[in-house]
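This report concerns only the one structure given below.
Fair warning: this is a prediction, and the values are worked out from it, not measured in the lab. Quick note on labels: first sequence line is chain A, next is B, and so on, each numbered from 1.
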There are 2 protein chains.
Amino acid sequence: MSDPVSPEAHADATGFLPGLAIDTVIVGFHEDQLKILLLEYRNTNLFALPGGFVREDENLNDAARRVLSERTGLQDIYLEQFYTFGDRNRYDAEAMRTIMRNNGTEPEENHWLLRRFVSVGYYALVDFTQVTPRPDALSDRCEWYDLAQLPPLMQDHTQIVEKALETLRENLDRKLIGFNLLPDTFTMGDLQRLYETVMGQSLHRPSFQRKMLGLGILERVAKKWTGGAHKAPYLYRFVSGKPSEVA
Amino acid sequence: MSDPVSPEAHADATGFLPGLAIDTVIVGFHEDQLKILLLEYRNTNLFALPGGFVREDENLNDAARRVLSERTGLQDIYLEQFYTFGDRNRYDAEAMRTIMRNNGTEPEENHWLLRRFVSVGYYALVDFTQVTPRPDALSDRCEWYDLAQLPPLMQDHTQIVEKALETLRENLDRKLIGFNLLPDTFTMGDLQRLYETVMGQSLHRPSFQRKMLGLGILERVAKKWTGGAHKAPYLYRFVSGKPSEVA
DNA sequence: TCAAAAGTGTTAACCCTACACCCATGC
DNA sequence: GCATGGGTGTAGGGTTAACACTTTTGA
């Protein structure tokens with residue numbers, strides 16, 4: 001991967017589309033909590049969403065997929081473009097200057113990374129257990145953070161997360177994408193807790209079970225669970241393969 | 001308005017964000033047909049969606065509003081960003097070269113308008129009767145076209161229209177935005193025909209009426225209609241002012 | 001008087017909620 | 001046994017579809 005702050009990168013021949021960025025909200029689910037991946041930039045206390053730029057010969061959606069697989073180590077992830085953020089004052093040159101300085105590069109005035117960027121927002125739903133978070137060239141940490149208690153984020157990234165969540169809530173029932181946050185097999189209880197966490201409200205167990213089964217997209221796996229002091233729940237599987245369509 | 005092909009515009013100081021465009025699908029409703037505004041470029045047979053570029057000091061959404069009011073003469077229109085189109089091969093330099101030649105400018109090789117563009121798509125819902133279509137600097141015609149029989153469009157504009165319609169269908173009930181396509185007052189029949197046209201299916205009249213009245217967002221205007229050989233329908237008005245929020 | 005369009009009432013089907021009850025399992 | 005979690009049966013309420021009926025108006 002080409003490094004956007006390496007010395008050979010210069011203003012107009014970076015190999016990336018100018019003024020355009022990608023930010024991804026990578027969502028996981030673990031211990032009844034929604035998590036997202038955040039980067040922490042080297043020697044700073046700046047947190048940011050995983051992002052990147054679009055190569056001159058690369059489709060926009062492919063760039064998002066590339067960022068995603070670079071940070072998670074996974075292919076074929078459910079990914080959806082949800083909004084493009086283009087407010088004039090959303091970009092914070094001072095923060096970017098700090099990041100570059102702490103990476104050993106004194107940015108020249110008018111460096112392309114210091115200018116205004118429009119950013120296309122994507123959200124991705126991943127199986128938490130499958131992800132190996134990997135920092136990018138500018139950051140020394142890439143970790144899961146509880147959505148309920150995020151640190152302050154760079155630029156307008158808090159708003160981006162907000163809007164991603166809004167979209168996720170709207171689409172959870174409509175597009176039946178929640179399964180992408182769970183492992184291949186899961187119990188009805190797992191699924192219900194996921195729905196309750198995303199929607200922020202408790203749901204009635206019998207109704208939920210019948211609704212989900214009525215959709216005809218769950219296959220009951222013969223195997224059962226070996227668990228605690230109670231009836232063993234069935235394991236279910238989502239019938240069609242996990243869709244990774246970018247739409 | 002600055003003219004993107006005027007001689008003083010040059011590659012890196014155009015005053016616009018590079019590589020980024022806006023395309024708007026401006027939807028109207030007239031005689032039981034959905035219409036959209038199309039531009040026809042001068043001395044060509046090329047049809048395109050109304051579009052534009054983003055000024056360096058302008059918010060992305062404000063640029064869309066500006067394009068919209070320039071083409072329609074209206075302010076406070078319902079406008080929604082729905083998708084950003086960024087395929088590598090979506091831009092067609094040859095068509096753009098033709099357009100510029102027919103406007104009396106021989107474009108230098110590598111002119112900024114001939115390069116790759118990523119385009120943010122917006123759709124707008126307007127009251128057909130209030131719009132005065134106005135061509136832009138490059139086109140000599142700006143007119144309504146029947147959505148059911150559009151001419152071939154430039155680049156990927158046909159796909160953009162498709163996706164705008166998909167989004168409109170999904171949002172029609174959810175966001176209650178259909179009223180933006182009608183005049184201030186309308187009959188229940190008008191509203192039903194609009195819904196039927198957008199959704200592409202016929203609806204049951206008594207159910208539709210009760211559903212709409214049950215939403216509590218329609219006010220019955222005392223005045224009645226003077227029409228044909230049948231009972232005079234009530235005129236209704238949408239209770240809250242027309243929202244023009246870009247979200 | 002009739003046809004056409006508009007408004008309203010009635011009934012039945014459907015879905016979802018809520019509650020109840022049974023099953024399995026480890027303590 | 002009994003508490004706990006999982007699965008299913010059943011009654012009630014709300015919503016919607018389908019049909020019927022009435023009202024208004026010009027030909």
Side-chain angles (χ1 to χ4, degrees), chain A residues 29 31-32 169-170 172-176 178-179 182-239, chain B residues 29 31-32 169-170 172-176 178-179 182-239:
Chain A
F29 184 66
E31 293 179 345
D32 293 357
R169 280 190 210 105
E170 283 172 6
L172 188 62
D173 266 317
R174 223 155 47 82
K175 298 190 177 177
L176 303 175
F179 311 97
L182 294 174
D184 281 338
T185 61
F186 47 86
T187 69
M188 197 56 79
D190 294 334
L191 187 59
Q192 182 172 351
R193 279 185 293 275
L194 167 61
Y195 266 68
E196 289 178 337
T197 306
V198 173
M199 302 308 286
Q201 58 183 4
S202 61
L203 301 168
H204 300 274
R205 191 172 57 86
S207 304
F208 183 79
Q209 169 127 343
R210 265 188 285 260
K211 183 176 163 186
M212 285 299 144
L213 291 179
L215 294 173
I217 54 172
L218 289 185
E219 179 192 24
R220 182 174 282 179
V221 178
K223 286 189 286 183
K224 294 188 180 185
W225 177 261
T226 55
H230 52 77
K231 183 174 179 178
Y234 287 105
L235 286 174
Y236 294 91
R237 188 200 310 276
F238 186 57
V239 286
Chain B
F29 184 66
E31 292 179 347
D32 291 357
R169 278 188 212 107
E170 284 173 5
L172 188 63
D173 265 319
R174 222 155 49 84
K175 299 191 176 177
L176 302 174
F179 310 98
L182 294 175
D184 280 339
T185 60
F186 47 86
T187 69
M188 196 57 79
D190 294 335
L191 187 59
Q192 182 171 351
R193 279 186 292 276
L194 166 62
Y195 265 69
E196 288 178 338
T197 306
V198 173
M199 303 307 286
Q201 57 182 5
S202 61
L203 301 168
H204 301 275
R205 191 173 57 85
S207 304
F208 183 80
Q209 168 128 345
R210 263 187 287 261
K211 183 177 164 186
M212 285 299 144
L213 291 180
L215 294 173
I217 55 171
L218 290 185
E219 179 191 27
R220 185 175 279 180
V221 179
K223 285 189 289 183
K224 292 189 178 184
W225 176 264
T226 55
H230 54 77
K231 183 174 179 177
Y234 287 104
L235 286 174
Y236 295 91
R237 187 200 313 274
F238 186 59
V239 286

Q.
Do A/Leu182 and A/Phe238 make a side-chain contact, defined as non-hydrogen atoms from C-beta onward lying under 4.5 Å apart?
A. no

(Q) Quick check for you: to the nearest 0.5 Å, what is the distance between B/Leu213 atom CG and B/Arg210 atom CZ? (A) 9.5 Å

Q | Which residues share a salt bridge (charged side-chain N to carboxylate O under 4.0 Å, His left out) with A/Lys211, sequence neighbours left out | A | A/Asp173

Q. Once you round it to whole Å, what is the distance between P of D/dG6 and NZ of A/Lys231?
A. 10 Å

Q: Kindly write out the residues that satisfy salt bridge (charged side-chain N to carboxylate O under 4.0 Å, His left out) with B/Glu219, not counting sequence neighbours, or none if the list is empty.
A: B/Arg237

Q) How long is the span from the CG atom in B/Leu235 to the CE atom in B/Met188, to the nearest 0.5 Å? A) 11.0 Å

Q.
Can you pull out the residues from residues 208-218 of chain A that lie within a 4.0 Å heavy-atom distance of DNA chain C?
A. A/Arg210

(Q) Once side chain to side chain donor-acceptor pair (under 3.5 Å) is applied, do any residues pair with B/Gln192, and if so which ones, sequence neighbours excluded? (A) B/Glu196

Q. Nearest-Å distance, NE2 (B/His230) to P (C/dA5)?
A. 7 Å

Q: Could you tell me the separation between the CZ atom of B/Phe179 and the CG atom of B/Asp184, rounded to the nearest 0.5 Å?
A: 13.0 Å

(Q) Under the rule for side chain to side chain donor-acceptor pair (under 3.5 Å), what residues qualify as partners of B/Tyr195, not counting sequence neighbours? (A) none

Q. Which parts of residues 189-207 of chain A get close to DNA chain D, meaning a heavy atom less than 4.0 angstrom away?
A. A/Arg205, A/Pro206

Q: State which of C/dA6, D/dG7, C/dG7 makes the closest approach to the side chain of B/Met188.
A: C/dG7

